[in-house]
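One structure is given here, and the rest of the page talks about it.
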Amino acid sequence: MSENNVDNGANAPKARNFVYELVEKDVMEGKNGKRVHTRFPPEPNGYLHIGHAKAIIVDFGTAEKFGGKCNLRFDDTNPVKEDVEYVDSIQEDIRWLGFDWEDRLYYASDFFEQLYEFAVRLIKQGKAYIDDQPAELISQQRGTPTRPGTESPYRSRSIEENLDLFARMRKGEFPNGARVLRAKVDMASPNMHMRDPLMYRILHQAHHRTGNEWCIYPMYDYAHGQCDYFEGITHSLCTLEFEVHRPLYEWFVEQLSESDYRPRQIEFSRLNLTYTMMSKRNLLSLVQENLVSGWDDPRMPTLSGMRRRGYTPTGIRSFVEKMGVTKTKGMVDLAMLEHAVREDLNKKASRVMGVIDPLKVVITNYPEGQVEMVSAVNNHEDESAGRRDVPFTRELYIEREDFMEDAPKKFFRLAPGVEVRLKYAYYATCTDVIKNDQGEIVELHCTYDPATKGGNSPDGRKVKGTLHWVSATESLEVEVRLYDRLFNVEDPSSEKDRDFREMLNPDSLEIRSKCYIEPSVKNAKPLDAFQFERLGYFNVDKDSSGEKMVFNRTASLRDNWGKKMG
RNA sequence: UGACCCAUGGUGUAAUUGGCAACACGUCUGGUUUUGGUCCAGAAGAGUUUAGGUUCGAGCCCUAAUGGGUCAACCA
């Protein structure tokens, strides 16, 4: 049986990764000395989210696949948007996903001097010039996608003058916006990006790493490809919206490369997930307006949020692999991510008994004050996880929804006169239902069968239901937080003209402050994962303090008793 | 009067490179089960955007059309 499973797993068609296909071809053709070297180039202007996880897995995963390397490079060419605050969280999140850039941590700003020298070289070759015109004029002259641009009057400026002006730009002689350096490409190109793109702008602004050393900063199109070149990158993997930039990327590399070595840009589609907001701007608003507790709120699609929620690196990586890497834009069902996470957690999470909506049960024929240990399985998927002891007492809590006074035929759990199994303990039968003045059920009385210890009856009689339970006197009172999707529309990112606040799911967080859990978890560490029997996957919150533990629900279990009853 | 990219069940991907469309998620049945979980067995669901062409044969190749997307930041 297990052999078949292994075979099926190995032969199961994997989702396509067309980046692998292209890289493999390059290696086989012997390009760049058969090297494979990629990079993950985040701009340090926000927290990483699940969309970045795909990029990280593609970048580092491609290197891993071909025995190459992957650098981490902070694309910090715009000091007005960037901050050190994000540099640390980004590194933490990449490491958490299980990737290592070793000693290859770079900043685009590391290359500012080289970038400047290359720019000078381009000017000397007559391929770049200083334009004195204001932004609006340059923009006008650029034309439109359907109408060619017109050349700047400064385009034919002499090399000497360009050199002089560029040096003075660097010295800080001009105010912001006074001049720019542009590449001399082709103002009539059908590709807007080739119409003499800007290479440098003046920005009198302190940079988070270079301080006030520079007042001119390179633009993305110029800097990115050259940094790839300096770092020896062979495959520059990015998302689809950079497709039209590729000719320019290649143009710059062509001007500057002095050997056969050429980095190559390959674009793949970015991740879109149902019910998930990926817009950095809106995520920032959620945080700033306190609509969530922070970037690591367990409902956030950020990696820090998912980590806190209990999603695992393995689950996330498996999700990306199931999804594949292609150029087709689509919308992946959130259920696929949840499945990948559950699949991983099912193997790893310790089983534990907890009650999140307690209803008291008194076992009337069980001795008062007696505490008896029953043996429970830690992980049904992993024998080596062993067993633990759980205290059983006269007063217990069960899940309120596990009892129905007028039970329909397919309700397998507790009802008056019905016998069920208290998991790992005894068979018990409900004898009395105690109500308050309002007619609400406040307590149940049951009797137990001492002969069924461990959960099996010597006479072989069967019960239909098995309930999880917890001792009312020997358990820990904890807080449990239940999460649901943050947005209630399928594609919140696409509804651009709608305020994202209107799309928030009002029931995305439910706090249950009086929950009970078996005492075995009291030494659990933050982020430890558990599967509460019959309830779902939970983890210990990262900020859970000693006095009262806090649990987050990572995911519910697939539970369809409601359907079966109907 | 533009350039570039994309197009297969509800969703994401396959299809030995031209040979009667497969896998995963989701949905639904049934079985096992000391978790209505897991696991196992099974079902429904697309004839591949359209129209031509090449071919004995096309989801794969060619042409055109249609639909969708990206590009006109001194952002990345």
Side-chain angles (χ1 to χ4, degrees), chain A residues 1 5 8 11-17 41-43 45 75-78 80-82 108 131 134-135 138-140 142-149 176-182 189-195 198-203 216-217 219-221 223-224 238 240-247 267 269 274 319 322-340 342-343 346-347 351 353 376-377 380-381 410-413 421-425 454-456 463-468 531-537 556-565:
Chain A
M1 180 205 99
N5 286 344
N8 288 342
N11 295 332
K14 289 199 172 123
R16 180 172 185 204
N17 185 325
E43 182 183 18
N45 68 348
D75 224 329
D76 56 351
T77 56
N78 185 2
V80 315
K81 286 171 65 183
E82 295 145 10
D131 199 328
I138 291 178
S139 172
Q140 274 173 35
R142 193 150 23 223
T144 69
T146 52
R147 214 177 287 273
N176 289 357
R179 288 175 226 268
V180 291
L181 180 70
R182 300 177 72 179
S189 168
N191 182 336
M192 296 293 290
H193 296 276
M194 300 298 270
R195 322 244 259 230
L198 269 55
M199 292 173 65
Y200 273 92
R201 77 285 215 186
I202 300 171
L203 236 41
I216 58 172
Y217 292 92
M219 303 288 292
Y220 167 86
D221 279 309
H224 199 91
C238 61
L240 247 28
E241 60 272 27
F242 293 101
E243 222 156 15
V244 286
H245 294 242
R246 194 186 336 129
E267 313 86 12
S269 67
T274 55
F319 163 67
K322 282 175 203 292
M323 184 167 69
V325 182
T326 66
K327 296 186 80 145
T328 60
K329 298 161 231 240
M331 175 74 49
V332 180
D333 196 335
L334 183 60
M336 216 180 279
L337 207 209
E338 291 170 340
H339 169 262
R342 279 202 203 93
E343 185 179 48
N346 183 47
K347 294 181 208 139
R351 313 293 126 127
M353 289 203 285
V377 174
H380 302 279
E381 314 303 314
K410 287 211 166 182
F411 185 75
F412 296 160
R413 302 176 229 177
R421 170 165 43 229
L422 296 172
K423 188 157 181 158
Y424 302 127
N456 283 310
V463 289
K464 281 190 298 181
T466 300
L467 268 46
H468 61 281
Q531 189 193 99
F532 289 11
E533 299 269 3
R534 289 229 3 266
L535 292 179
Y537 296 101
S556 58
L557 247 31
R558 216 181 122 203
D559 178 8
N560 52 16
W561 72 268
K563 292 175 199 161
K564 301 220 170 186
M565 268 170 57

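Naming: A, B, ... by sequence-line order, numbering from 1 per chain.
Judged by distance alone, with hydrogens and angles left aside, the side-chain atoms of A/D76 form a donor-acceptor pair with the main-chain N or O of A/A108 at under 3.5 Å. The main-chain N or O of A/G536 is never found under 3.5 Å from a side-chain atom of A/R342 such that the two would form a donor-acceptor pair. A donor-acceptor pair under 3.5 Å is formed between the side chain of A/T274 and the backbone N or O of A/L334. Between the A/N191 side chain and the A/V244 main chain, a donor and an acceptor come within less than 3.5 Å of each other.
Under the rule for a ring-ring contact (aromatic ring centres under 6.0 Å, His included), A/Y537 has no partner lying at least two apart in sequence or in another chain. In terms of the salt bridge (Lys or Arg N to Asp or Glu O under 4.0 Å) criterion, A/E82 has no residue partners (sequence neighbours excluded). A search for ring-ring contact (aromatic ring centres under 6.0 Å, His included) contacts involving A/H468 returns nothing, not counting sequence neighbours. Looking at residues two or more places apart in sequence or on another chain, you find no side chain to side chain donor-acceptor pair (under 3.5 Å) involving A/K81. Judged as a ring-ring contact (aromatic ring centres under 6.0 Å, His included), and not counting sequence neighbours, A/Y424 has no contacts. The side chain to side chain donor-acceptor pair (under 3.5 Å) check on A/T328 picks up A/T326, with sequence neighbours excluded. Residues passing the side chain to side chain donor-acceptor pair (under 3.5 Å) test with A/R421, sequence neighbours excluded: A/T466. With sequence neighbours excluded, the residues satisfying ring-ring contact (aromatic ring centres under 6.0 Å, His included) with A/H193 are A/H245. Contacts of A/R201 classified as side chain to side chain donor-acceptor pair (under 3.5 Å), with partners at least two apart in sequence or in another chain: none.
Across all strands shown, A/H245 has heavy atoms under 4.0 Å from base atoms, whether or not it also approaches the sugar-phosphate. The residue A/S139 sits close only to the backbone: its heavy atoms come under 4.0 Å of sugar-phosphate atoms, none of a base. At a threshold of 4.0 angstrom between heavy atoms, the contacts of A/G330 are confined to the sugar-phosphate backbone, with no base atom among them. Within 4.0 Å (heavy atoms only), A/N456 reaches at least one base atom of the nucleic acid. A/S189 comes within contact range of no nucleotide atom at all, as no heavy-atom separation falls under 4.0 Å. Among the atoms of the strands shown, only primed sugar atoms or phosphate atoms (P, OP1, OP2) are found under 4.0 Å from some heavy atom of A/V332. Within 4.0 Å of A/A335, counting heavy atoms only, lie sugar-phosphate atoms of the nucleic acid but no base atom. Residue-level contact check: A/F411 touches the bases, meaning some heavy atom is under 4.0 Å from a base atom. Contact annotation for A/F242: base contact, defined as any heavy-atom pair under 4.0 Å involving a base atom. Nucleic acid contact class of A/E43 (heavy atoms, under 4.0 Å, all strands): sugar-phosphate only. No engagement by A/P42 is indicated, since no non-hydrogen atom pair under 4.0 Å with the nucleic acid exists.
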Do any N or O atoms of the protein come closer than 3.5 Å to N or O atoms of nucleotides 42-49 of chain B, and which pairs are they?
none

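Put simply, CZ on A/R342 is 18 Å from P on B/U35, counting in whole angstrom units. Rounded to whole Å, atom P of B/U33 lies 16 Å from atom OH of A/Y424. Regarding A/L557, its CG atom lies at a distance of 9 Å from the P atom of B/G36, rounded to whole Å. At whole-Å resolution of the value, NE2 in A/H339 and P in B/U27 are 11 Å apart. B/U33 atom P lies 10 Å from atom CZ of A/R421, rounded to whole Å. Nucleotide B/A76 holds its P atom 18 Å from the CD atom of A/E267, rounded to whole Å. Across the protein-nucleic acid pair, A/N346 atom CG and B/C25 atom P stand 13 Å apart, rounded to whole Å. If you take CZ of A/R147 and C1' of B/C71, they are 17 Å apart, rounded to a whole angstrom.
With a glycosidic angle further than 90° from 0, B/G12 counts as anti. Under the 90° criterion around 0 for the glycosidic angle, B/U17 counts as syn.
Nucleotides B/A46 and B/G9 have their C1' atoms positioned 4 Å apart, rounded to a whole Å. Separating the C1' atom of B/A3 from that of B/A72 is a span of 12 Å, rounded to the nearest Å.
The base of B/U35 is paired with the side chain of A/R351 by a donor and an acceptor separated by under 3.5 Å.
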Once Watson-Crick and G-U wobble pairs under 3.5 Å are found, how is RNA chain B written in dot-bracket notation, 5' to 3', with | for any base paired to another strand? .((((((..((((.....[..)))).(((((.......))))).....(((((..]....))))))))))).....
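A residue-by-residue look at A/K464 and A/A178 shows that A/K464 has its nearest nucleotide of RNA chain B further toward the 5' end. Nucleotides of RNA chain B nearest to A/I202 and A/A425 differ in position, and the one nearer the 5' end is that of A/A425.
With B/G36, B/C74, B/A76 as the choices, the nucleotide that has an atom nearest any side-chain atom of A/D559 turns out to be B/G36.
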If a protein heavy atom is under 4.0 Å from the base, mark B; if only from the sugar-phosphate, S; if neither, -; do that for nucleotides 1-10 of chain B going 5' to 3'. -BS-SSS---
